Amino acid sequence: MSRLYGDPIEVWVRDGQPVQFVWRDRLYTVREIQDHWVVAREWWKTSDADPGERRFWRVGAAAGKEVGTYELRFDTASDGWLLLRAWD
C-alpha cells in the first residue's frame, strides 16, 4: 500500500539522478532507481527557457535500517523537489 504526501524535500543529485534526500529531518540514501519518467505540459512553463517538465523517480532508499520505496518529483518551473508517495 502507498501513501500520498507532497512534502517538500532537499535532494542531492549526481549525474542528473537523486542520490540522497532529506525528508522529515531524516537523511535517506538512494540504493536503486526503480523507474524514471518525465511529463511535460505547456501550462507548467513559467518562461520560454522553462521546458515545463516534471521529472519523476521511483527509488529504493534507506534511512539507517529503514528501507522503503519512494516517489520523488522535480519541478522545472519552481526548481523544487517533492516526496509524492511512499510505499509500506
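What you see is a predicted model, and the numbers here were worked out from it, not measured in a lab.
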For Arg31 versus Ala62, what's the shortest heavy-atom pair and its separation?
NE-CB, 3.5 Å
Minimum heavy-atom distance Ser2-Arg85, with the two atoms named
OG-NH1, 2.9 Å
Going by side-chain heavy atoms closer than 4.5 Å, which hydrophobic residues are tied to Val67, directly or by a chain of links?
none
Apart from Trp57 itself, what residues make up its hydrophobic cluster when side-chain heavy atoms of I, L, V, M, F, W and Y under 4.5 Å apart count as a link, directly or indirectly?
Tyr5, Ile9, Val11, Val13, Phe21, Trp23, Tyr28, Val30, Ile33, Val59, Tyr70, Leu72, Phe74, Trp81, Leu83
Hey, does Arg24 have a side-chain heavy atom less than 4.5 Å from the side chain of Asp7?
yes
Report yes if some heavy atom in the side chain of Trp12 is under 4.5 Å from a heavy atom in the side chain of Val22; otherwise report no.
yes
Using the salt bridge (charged side-chain N to carboxylate O under 4.0 Å, His left out) rule, collect all pairs that involve residues 61-72, keeping only residues at least two apart or in two chains.
Arg26-Glu66, Arg58-Glu71
Measuring from Gln17:CD to His36:NE2, what's the distance to the nearest 0.5 Å?
7.0 Å
Between the CG atom in Leu84 and the CZ atom in Arg3, the distance rounded to the nearest 0.5 Å is 16.0 Å
